[in-house]
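Just below is one structure, and these are the notes that go with it.
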Amino acid sequence: MNLPGHPAEAASSAASGDLTAARAHLFHQGTVDRYRQLLAAGVDRVAGRVAEVDRPCTGIAPARLAPEIDRIDLDRPLTDPAAALDELESVYLRDAVFFHHPRYLAHLNCPVVIPALLGEAVLSAVNSSLDTWDQSAGGTLIERRLIDWTADRIGLGPDADGVFTSGGTQSNLHALLLAREETLAATALPREELLPRLRILASAAGHFSVQKSAKLLGLARDAVITVETDADRRMRPTALANEIARCRRAGQLVMAVVATAGTTDFGTIDPLPAVADLCRAAGVWLHVDAAYGCGLLVSPNRRHLLDGIEQADSVTVDYHKSFFQPVSSSAVLVRDRAVLRHATYHADYLNPARMAEQRIPNQVDKSLQTTRRFDALKLWLTLRIMGPDAVGTLFDEVVDRAADAWRLLSEDPRFEVVTRSPLSTVVFRYLPAERHLADDANLYAREALAASGAAVIAGTRVDGRHYLKFTLLNPETTVDDIAHVIELIAGHASRYVRTKTAAETTTEPQQPCPVG
Ligand SMILES: *Cc1c(COP(=O)(O)O)cnc(C)c1O
């Protein structure tokens, strides 16, 4: 297929440095038809692929896909967009992992809503950059409204503010930077003296970006202290109180407590009201990492699970996890907008101080990034077209489905289930009579499942043992899908156990069934 609007001269001389041909690729007044046609063709490819996908992935191994990509000569363009799209099928679309598929049950990647895809297309074509007003009129105000809207949903009060970020990792880093600066500002001692004494308290189920942030923030290697959890893997408030007291006695300065509202592994929510009370009493910054649990902010039935979040000093939300937004879309929110000054620098070439005096809204004054995508537009169009209740209803549906999955697994004698999540995660494992094979059987089942492409599930370790995990984020996943995947897991795991026990009773070394 030769796409209309593809200038003949572009095909013949694009590779030889012809300016006219090169210009035909720029998006401007003279090329809007080409833009329309090319994007429509791309949308058509994706729609066609999504329409025919019958499993979440093909299970392709990196070693098989790499040669396809290596063989491409990037210095010799195909020039014909249709040919490039054909090629894209084999290097990307054919083997991509599709989160819209109901048997993708692995990570915190969601299927996306169409209004947000519309936003994505609009924001990249206009290409606003949200650092300064003079690059993003309108975009800046839209982002600010969404920050205010989110802060309102959280209940952070009249002085709240925040900024969109690239993801929960950046949001956590940003929040902890502010916490560090506020802690340092509150004492008269020199920074160099205090820095090694700063501590962050988080539960073992907290996200690893807290550790990464501590390192980036120049804290001591042992700066992140693990607070004990209860049987439901929630931070134990008495343990938190003890740790705060112990740090004080040891001359350490607790710069933040990180409570998690939706742990990545277990989907559990730390007891926010009790944690907030302790933080307030101790004068410690409370950061709530709601990267996963933020979908509850719009849930018609479960908003109460986040009670206490309104007492946080800072909050991380990942719209790209539980608001069905495409990557990336995240924000960090703060109770007191004044703290954002810790990330403020003025550059004469970008955002001179006089602009702040003139109240020109330059978002770069609050952000760790400079050039920054207008990701907020996706959420804006989602709210304007669907509304928050519709998003929350979708999230409620996946939480209901996780409860179904938990019930199926806990009634099934072949499996053992860990904590019941108030969100959409189920951690479990296949438990054979031959207990010593349990770890390997579960590892094997997960790999075999992924290699077949029939379903994708996650894995984790609990108390040193290998477990399997469903993270449900797709409202299209049915109880039947889940039951089907459970049977596939049991099939792979029991086959592994049979092969192994047969091998153990013979002297011949024997391979278990190969993955693939
Ligand atoms: C996913 C996650 C993060 C990190 O967010 P990214 O958007 O992947 O950077 C942080 N905290 C929690 C609890 C998460 O689940």
Side-chain angles (χ1 to χ4, degrees), residues 97 99 104-110 112 116 150 154 162-177 179 200-217 224 226-227 229 232-235 256-272 275 286-297 305-306 308-309 312 314-333 367-369 372-373 375-376 378-379 395 398-399 402 419 421-427 458-460 469-473:
V97 178
F99 305 118
Y104 180 88
L105 311 173
H107 297 290
L108 280 164
N109 280 311
C110 53
V112 294
T150 307
I154 297 172
V163 70
F164 272 66
T165 71
S166 60
T169 302
Q170 192 191 347
S171 296
N172 284 347
L173 172 64
H174 195 154
L176 291 171
L177 166 76
I200 298 170
L201 305 184
S203 91
H207 195 260
F208 78 140
S209 55
V210 174
Q211 261 88 4
K212 262 194 206 183
S213 300
K215 187 168 189 182
L216 287 166
L217 292 171
V224 181
T226 301
V227 180
T229 48
D232 287 333
R233 318 233 162 226
R234 295 153 30 108
M235 186 184 281
V257 168
V258 178
T260 312
T263 57
T264 316
D265 252 355
F266 303 104
T268 49
I269 300 173
D270 286 333
L272 302 177
V275 171
L286 171 60
H287 176 63
V288 176
D289 180 356
Y292 175 13
C294 61
L296 295 174
L297 292 171
L305 293 174
L306 288 179
I309 195 173
S314 56
V315 178
T316 287
V317 296
D318 260 3
Y319 308 105
H320 64 212
K321 283 189 179 156
S322 47
F323 275 67
F324 307 96
Q325 298 293 294
V327 177
S328 18
S329 184
S330 175
V332 60
L333 292 303
S367 174
L368 300 186
Q369 292 170 260
R372 192 162 53 86
R373 289 165 55 84
D375 285 317
K378 297 179 282 192
L379 181 59
F395 190 58
V398 299
V399 176
T419 329
S421 159
L423 296 178
S424 60
T425 303
V426 190
V427 180
T460 191
K469 181 168 83 157
F470 291 156
T471 310
L472 303 184
L473 277 181

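Both backbone and side-chain heavy atoms feed into the values below; hydrogens, waters and symmetry mates do not. In each ligand, atom 1 is the first atom listed, and ligand 1 is the first ligand listed.
Listed by number with element, the atoms of ligand 1 under 4.0 Å from a non-hydrogen atom of Gly168 are 4 (C), 5 (O), 6 (P), 7 (O), 9 (O). Counting the atoms of ligand 1 from 1 in the order shown, those under 4.0 Å from a heavy atom of Gly262 are 13 (C). Close approach of ligand 1 to Asp318 (heavy-atom distance below 4.0 Å) involves ligand atoms 5 (O), 6 (P), 7 (O). Each of the following atoms of ligand 1 lies closer than 4.0 Å to a heavy atom of Asn172: 10 (C), 11 (N). Those atoms of ligand 1 with a heavy atom of Thr264 less than 4.0 angstrom away are 12 (C), 13 (C), 14 (C), 15 (O). Less than 4.0 angstrom separates some heavy atom of Leu108 from each of these atoms of ligand 1: 15 (O).
Checking only distances, Lys321 does come within under 3.5 Å of ligand 1, N or O to N or O.
Residues Ala205 and Phe266 come closest through the heavy atom pair CB-CD1, 4.2 Å.
Here atom 13 (C) of ligand 1 lies nearest to Asp289 when heavy atoms of Val210, Thr316, Asp289 are compared. The residue among Lys212, His107, His207, Gln170 with a heavy atom at the shortest distance from atom 4 (C) of ligand 1 is His207.
To the nearest 0.5 Å, atoms SG (Cys110) and OH (Tyr292) are separated by 11.5 Å. Interatomic distance, Lys212 NZ to Leu173 CG, rounded to the nearest 0.5 Å: 10.5 Å. A distance of 5.0 Å separates CZ in Phe164 from OG in Ser329, rounded to the nearest 0.5 Å. Leu176 contributes atom CG, which lies 10.5 Å from atom OG of Ser171 (distance to the nearest 0.5 angstrom).
With His287 as the partner, the side chain to side chain contact (heavy atoms under 4.5 Å, CB included) test is satisfied by one option alone out of Val315, Asn172, Ile200, Thr260: Asn172. Checking each of Asp265, Thr460, Thr425 against Lys469 for a side-chain hydrogen bond (donor to acceptor under 3.5 Å, both in side chains) leaves exactly one that passes, namely Asp265.
Here the protein heavy atom with the shortest distance to atom 9 (O) of ligand 1 is Thr169 OG1, 2.6 Å.
Ligand 1 lies within reach of His320, whose nearest heavy atom is under 4.0 Å from it.
Salt-bridge formation is not detected for the pair Arg234/Asp232: no Lys NZ or Arg NE/NH1/NH2 atom is positioned less than 4.0 Å from an Asp or Glu carboxylate oxygen.
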